[in-house]
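First up is the structure itself, then whatever we jot down about it.
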Amino acid sequence: HALMHELHMNISSLKIPIIQQEIASWCQIPEQLIFNCSGWGAKQLTQDPKLLPVQGHLISLQNQPELKYLINVKVIMQTPRGPRDELIYFAPKDEGILGITFLRNQSNANANSHEFDRLLQRSRDFFGS
């Protein structure tokens, strides 16, 4: 919070204009410097109370040099609350990544570590053991 407080003080004292807008093309922006805020600091930096943290889980794979394709599929998983749509994301980033979750309003970075096990199980179910 100290970093964001200092940043806001500098923005204010230097009278740096902040423009929040949606754009359809880079041609709409004449400025050479554009700051796109995402991640943990976005809510405080943009002063937008509607922003909620979203926690995601990815697993980095090893020894996948031939991985040249991407799979992004929705599967139905059984949970204690009944069936639920979940995603499997398999991509060739570095040696490969496997994911993903989108847990809304999760601000504790250490919570939900069980999601890694769930992610592995739905991948086993999809790809076969």
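When reading the values below, keep in mind they use all heavy atoms of this one structure, side chains included, and skip hydrogens, waters and symmetry mates.
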Can you tell me if Ile76 has over 12 outside heavy atoms packed within less than 6.0 Å of its CD1?
no
Same cluster (ILVMFWY, side-chain, under 4.5 Å), Leu7 and Leu51
no
Output for pair (Ile88 CD1, Ile71 CD1), nearest 0.5 Å, gives 8.5 Å
Roughly how far apart are Ile16 CD1 and His8 NE2, rounded to 0.5 Å?
11.5 Å
Output for pair (His114 NE2, Phe116 CZ), nearest 0.5 Å, gives 10.5 Å
Hydrophobic cluster (4.5 angstrom, side-chain heavy atoms) - remaining members for Leu52:
none
Pairing donors with acceptors under 3.5 angstrom, does anything connect the side chains of Asp117 and Gln121?
no
Considering only Ile, Leu, Val, Met, Phe, Trp and Tyr, and joining two whenever side-chain heavy atoms are under 4.5 Å apart, list the other residues clustered with Met9.
none
All side chain to side chain contact (heavy atoms under 4.5 Å, CB included) counterparts of Gln78, not counting sequence neighbours
Pro83
Out of curiosity, Phe90 CZ to Phe127 CZ, how far, rounded to the nearest 0.5 Å?
5.0 Å
Glu86 meets the salt bridge (Lys or Arg N to Asp or Glu O under 4.0 Å) criterion, sequence neighbours left out, with Arg84, Arg118, Arg122
Partners of Glu95 by side chain to side chain contact (heavy atoms under 4.5 Å, CB included), sequence neighbours excluded?
Asn63
Approximate separation, where rounding is to 0.5 Å, of Lys15 NZ and Asn10 CG:
13.0 Å
Residue list, side chain to side chain contact (heavy atoms under 4.5 Å, CB included) with Ser12, at least two apart or on another chain:
none
Residue list, salt bridge (Lys or Arg N to Asp or Glu O under 4.0 Å) with Asp85, at least two apart or on another chain:
Lys74
Around atom CD of Gln28, are there more than 12 heavy atoms of other residues, nucleotides or ligands at under 6.0 Å?
yes
Which ILVMFWY residues can you reach from Leu70 by hopping between side chains whose heavy atoms are under 4.5 Å apart?
Val54, Leu58, Leu87, Tyr89, Ile97, Ile100, Phe102
Applying side chain to side chain contact (heavy atoms under 4.5 Å, CB included), can you list everything that pairs with Pro80, at least two apart in sequence or on another chain?
none
Please enumerate all residues that pass side chain to side chain donor-acceptor pair (under 3.5 Å) together with Asn72, with sequence neighbours excluded.
none
Does Val75 reach the side chain of Asp125, with side-chain heavy atoms less than 4.5 Å apart?
no
For side-chain contact (heavy atoms from CB on, under 4.5 Å), just list the numbers for Gln55 and Asn108, CA-CA rounded to whole Å, side-chain angles, deciding distance to a tenth of an Å, and then say yes or no.
CA-CA 9 Å; Gln55 186 180 71; Asn108 182 343; 5.7 Å; no
Of the non-hydrogen atoms in Leu98 and Leu61, which two are nearest, and what is the gap between them?
CB-CD2, 4.2 Å
Residues in side chain to side chain donor-acceptor pair (under 3.5 Å) contact with Thr101, at least two apart in sequence or another chain
His57
In the single-linkage hydrophobic clustering (I, L, V, M, F, W, Y; side-chain heavy atoms under 4.5 Å), do Met77 and Leu119 co-cluster?
yes
